Amino acid sequence: QVQLVESGGGLVQAGGSLSLSCAASGRTFSYTVMGWFRQAPGKEREFVAAISWSGAATRYVDSVKGRFTISRDNAKNVVYLQMNSLKPEDTAVYYCAGVRRLRSIISADPSAYDYWGQGTQVTVSS
C-alpha cells in the first residue's frame, strides 16, 4: 500500500509559478509510475502529467506543455510538479496519483491509477 501526501498549493497571480510536491510512503516508489491530475469545480478530473518509474519518460497534456515540468527523486520518495507561467484556467485541485503495478507504462487514464493523494488547491488570479 502506498500513501500520497501533496503540498505546495496556494494562491498566485497569472504568470507566476508554484511548485507542488507529493511525498509517498512504501518501499516500491522507485518502480511506480506517478502522475498529476487536476479537477476544477464542475469539471471532470483531468490528466496533467505523468512520469515513468525511472524518470526517463514523461508525458503532458497539451495545455501545460512548455509550462509545467514533472520530476521525481526516488531516493526521497517524492514527485514534483513545477508550474510556471500559470494561467487562471490552471485553477483546480491538484492530485498526485500512483500506479500499483510495478514498472508499468505511463498512462493518462485516471482509472489506471490506484493510489491518490488528498489534493492541494491551486488558485491563479487574473
Side-chain angles (χ1 to χ4, degrees):
Q1 187 71 15
V2 174
Q3 293 184 328
L4 305 174
V5 179
E6 302 98 335
S7 61
L11 173 64
V12 65
Q13 288 188 333
S17 298
L18 280 176
S19 181
L20 303 184
S21 299
C22 173
S25 66
R27 294 180 292 177
T28 59
F29 177 82
S30 298
Y31 306 106
T32 302
V33 166
M34 298 296 297
W36 286 95
F37 292 79
R38 65 187 179 187
Q39 189 166 18
K43 294 187 177 181
E44 293 187 352
R45 191 165 296 190
E46 175 190 32
F47 168 77
V48 176
I51 187 166
S52 63
W53 56 273
S54 67
T58 58
R59 181 176 176 180
Y60 299 91
V61 67
D62 286 346
S63 61
V64 308
K65 285 181 180 177
R67 300 189 298 122
F68 291 12
T69 302
I70 188 171
S71 61
R72 66 190 297 159
D73 185 336
N74 285 346
K76 296 181 178 179
N77 277 23
V78 179
V79 62
Y80 305 97
L81 185 67
Q82 177 65 40
M83 305 185 294
N84 299 327
S85 302
L86 283 161
K87 304 176 181 181
E89 51 263 43
D90 294 319
T91 295
V93 177
Y94 282 71
Y95 297 90
C96 172
V99 176
R100 180 172 55 218
R101 181 177 179 182
L102 303 183
R103 298 186 179 92
S104 60
I105 60 174
I106 290 178
S107 175
D109 183 356
S111 67
Y113 292 78
D114 305 287
Y115 310 117
W116 292 86
Q118 82 288 351
T120 185
Q121 177 70 46
V122 171
T123 303
V124 184
S125 63
S126 58

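Just so you know, residue 1 is the first one in the sequence shown, and it goes up from there. In this text the structure is predicted, and so the values were computed from the model without any measurement.
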task = May I ask you to establish whether Arg67 and Tyr60 are in a cation-pi arrangement, using a distance under 6.0 Å from NZ or CZ to the six-membered ring centre and at most 45° from the ring axis?
result = no
request  = Return the minimal non-hydrogen interatomic distance between Ala40 and Ala92, and the atom names on each side.
outcome  = N-CB, 3.8 Å
message = Tell me whether Arg101 contacts the main-chain N or O of Val33 through its side chain, where contact means a donor paired with an acceptor under 3.5 Å.
response = no
task = Kindly compute the distance separating SG (Cys22) from CD (Glu6), expressed to the nearest 0.5 Å.
result = 5.5 Å
ask   = Is there a path of hydrophobic side-chain contacts, each under 4.5 Å between heavy atoms of I, L, V, M, F, W or Y residues, that connects Leu86 with Ile70?
value = yes
inquiry  = Checking the side chain of Asp73 only, and the main-chain atoms of Val78 only, is there a donor and an acceptor separated by less than 3.5 Å?
reply    = no
key: Value rounded to 0.5 Å, distance of OG in Ser30 from CG in Asn77   = 6.0 Å
request  = Check step by step if side-chain contact (heavy atoms from CB on, under 4.5 Å) holds for Tyr113 and Val99.
outcome  = CA-CA 5 Å; Tyr113 292 78; Val99 176; 3.6 Å; yes
request  = Considering non-hydrogen atoms only, spot the tightest contact between Ala108 and Phe37 and give its length.
outcome  = O-CE2, 3.7 Å
query = So does Asp62 pair up with Lys65, basic N to acidic O under 4.0 Å?
reply = yes
query = Which atom pair, heavy atoms only, marks the closest approach of Gln39 to Lys43?
reply = NE2-O, 3.1 Å
key: Thr91 (side chain) donor-acceptor with Val124 (main chain) under 3.5 angstrom   = yes
message = Testing the basics here: between Ser17 and Gln82, what is the closest heavy-atom pair and its distance to 0.1 Å?
response = CB-NE2, 4.0 Å
ask   = Where do Ala24 and Val2 come nearest, in terms of heavy atoms and distance?
value = CB-CG1, 4.2 Å
query = Do Val61 and Val93 belong to the same hydrophobic cluster, where Ile, Leu, Val, Met, Phe, Trp and Tyr are linked whenever their side-chain heavy atoms lie under 4.5 Å apart, directly or via other members?
reply = yes
task = First locate atom CZ of Arg38, then atom CZ of Phe47, and finally report the distance between them rounded to the nearest 0.5 Å.
result = 11.0 Å
query = According to a 4.5 Å side-chain heavy-atom criterion applied to Ile, Leu, Val, Met, Phe, Trp and Tyr, with indirect links allowed, do Trp53 and Leu4 form part of one hydrophobic cluster?
reply = no
task = State plainly whether one hydrophobic cluster holds both Val122 and Tyr95, where clusters connect Ile, Leu, Val, Met, Phe, Trp and Tyr through side-chain heavy atoms under 4.5 angstrom apart.
result = yes
ask   = Is the number of heavy atoms from other residues, nucleotides or ligands under 6.0 Å of Leu11 CG greater than 12?
value = yes
message = Under a plain distance cut-off of 3.5 Å, with no hydrogens placed, do Ser107 and Asp109 share a side-chain donor-acceptor pair?
response = no
query = From Trp36 CH2 over to Phe68 CZ, what is the distance, rounded to the nearest 0.5 angstrom?
reply = 11.0 Å
request  = Might you work through the side-chain contact (heavy atoms from CB on, under 4.5 Å) test for Thr32 and Leu102, ending with a clear yes or no?
outcome  = CA-CA 5 Å; Thr32 302; Leu102 303 183; 4.0 Å; yes
key: CE-CG distance between Met34 and Asn74, expressed to the nearest 0.5 angstrom   = 10.0 Å
ask   = Out of curiosity, Gln118 CD to Cys96 SG, how far, rounded to the nearest 0.5 Å?
value = 9.0 Å
task = Using atom types as modelled and distance alone, determine if a side-chain donor or acceptor of Ser25 lies under 3.5 Å from a backbone N or O of Gln3.
result = yes
